[in-house]
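Data first, discussion second: the structure below is written as structure tokens.
For clarity, every value in this text was computed on a predicted model and none was experimentally measured.
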Amino acid sequence: MGCFECCIKCLGGVPYASLLATILCFCGVALFCGCGHVALTGTVTILEQHFSSNPEDHALLTEVIQLMQYVIYGVASFFFLYGIILLAEGFYTTSAVKELHSEFKTTACGRCISGMFVFLTYILGVAWLGVFGFSAIPLFMFYNMWSSCEVIKGLPTNLTTTIDQICVDVRQYGIIPWNALPGRACGPALENICNSNEFYMSFHLFIVTCAGAGATVISLLIYMMATTYNYAVLKFKSREDCCTKF
């Protein structure tokens, strides 16, 4: 066997779907965890400087955000290991099926492990759909604030509205109590928030965070298809010419 034929044989055993899902999962989790951590810090800064002068009013929210930041560290570590394990499982399954009718034989333990990964990946996929929806909540709040900022910028051409009539009240989202002061920002105060670096950085980071969560969901969907296909091939012992490159 020549060098070219050997390379073709090696490339034929690569689980491309699992490889693609792993790369997408790493990128999505990195964006979600990294940008989400910084965006949450910026949110606390904006809240303390412009919406809640009493630390006791946002003490619970601050504790929740700090807890979420610690959870982010755990999520990043878990998915780094889980992605490597699923990629290794994809290589194992591909090699096992390709050699199914020769000297390499699959075992009941191997099929059981593959089935466990199918079940766990489905559970994680459903969980990350919830994470994706949850990450859209702060994005929605910042989008509403950004819309108010755009209205303020367009005031010189709109004489029917004064700047003091444009307000953003974060108490309506339930993140601080109704008796928190000032609780809302109007006119020049809101304009100062719009011109702050913390606001625009947090807004764009939340966009990237939501996109990272979406990329992770897509990667888990690919993992679902790949692990289900690999498990089915191992379970039913498909013919030798069956496609086994997932």
Side-chain angles (χ1 to χ4, degrees), residues 1-37 70-132 135 208-246:
M1 182 181 297
C3 181
F4 178 76
E5 291 79 5
C6 183
C7 292
I8 293 299
K9 182 179 180 180
C10 292
L11 291 176
V14 175
Y16 292 103
S18 297
L19 181 62
L20 174 63
T22 302
I23 296 174
L24 192 60
C25 181
F26 284 175
C27 294
V29 171
L31 290 176
F32 175 82
C33 295
C35 295
H37 185 278
Y70 285 114
V71 170
I72 282 175
Y73 296 141
V75 169
S77 302
F78 171 78
F79 271 91
F80 177 76
L81 295 176
Y82 190 69
I84 293 178
I85 292 173
L86 281 184
L87 182 61
E89 193 269 344
F91 274 103
Y92 156 76
T93 307
T94 302
S95 300
V97 173
K98 289 180 71 67
E99 303 293 338
L100 189 62
H101 298 284
S102 58
E103 71 278 359
F104 191 94
K105 298 295 183 181
T106 61
T107 62
C109 180
R111 292 191 295 271
C112 181
I113 293 176
S114 296
M116 181 191 67
F117 281 127
V118 172
F119 174 76
L120 184 57
T121 304
Y122 270 85
I123 297 299
L124 291 174
V126 174
W128 266 95
L129 283 175
V131 173
F132 176 68
S135 65
V208 179
T209 300
C210 190
T216 306
V217 171
I218 294 174
S219 70
L220 288 174
L221 290 176
I222 298 175
Y223 273 137
M224 288 180 194
M225 294 185 292
T227 54
T228 303
Y229 173 84
N230 289 335
Y231 176 75
V233 172
L234 288 178
K235 181 69 175 179
F236 299 106
K237 301 183 180 346
S238 297
R239 294 192 304 270
E240 189 175 10
D241 58 348
C242 179
C243 178
T244 59
K245 298 180 180 180
F246 258 53

Discussion item. How long is the straight-line distance from CZ of F119 back to OG1 of T121, given to the nearest 0.5 Å?
Written reply: 10.5 Å

Worksheet item: Where the side chain of S135 meets the backbone of F132, is there a donor-acceptor pair that is under 3.5 Å apart?
Response: yes

Practice prompt. Carefully, step by step, assess I84 and T22 under the rule side-chain contact (heavy atoms from CB on, under 4.5 Å).
Written response: CA-CA 7 Å; I84 293 178; T22 302; 5.8 Å; no

Worksheet item: How long is the gap from CD1 on I123 to CG on L220, to the nearest 0.5 Å?
Response: 12.0 Å

Practice prompt. Check side chain to side chain donor-acceptor pair (under 3.5 Å) between S219 and all other residues, then give those that pass, not counting sequence neighbours.
Written response: none

Worksheet entry | Derivation and outcome, side-chain contact (heavy atoms from CB on, under 4.5 Å), residues F79 and L86 | CA-CA 10 Å; F79 271 91; L86 281 184; over 6 Å; no

Discussion item. So which atom in L24 and which in I218 form the shortest heavy-atom distance, rounded to 0.1 Å?
Written reply: CD2-CG2, 3.6 Å

Response to the item:
CG of L120 to CE of M224, rounded to nearest 0.5 Å, is 10.0 Å

Worksheet item: What pair of heavy atoms forms the shortest contact from I222 to A21, and how long is it?
Response: CG2-CB, 3.7 Å

Side chains of residues 209-216: which donor-acceptor partners sit under 3.5 Å, not counting sequence neighbours?
residue	atom	partner	partner atom	Å
T209	OG1	G36	N	3.1
T209	OG1	L205	O	2.7
T216	OG1	V29	N	3.4
T216	OG1	G212	O	2.9

Fill in: W128: which of Y223, F32, Y82 passes ring-ring contact (aromatic ring centres under 6.0 Å, His included)
F32

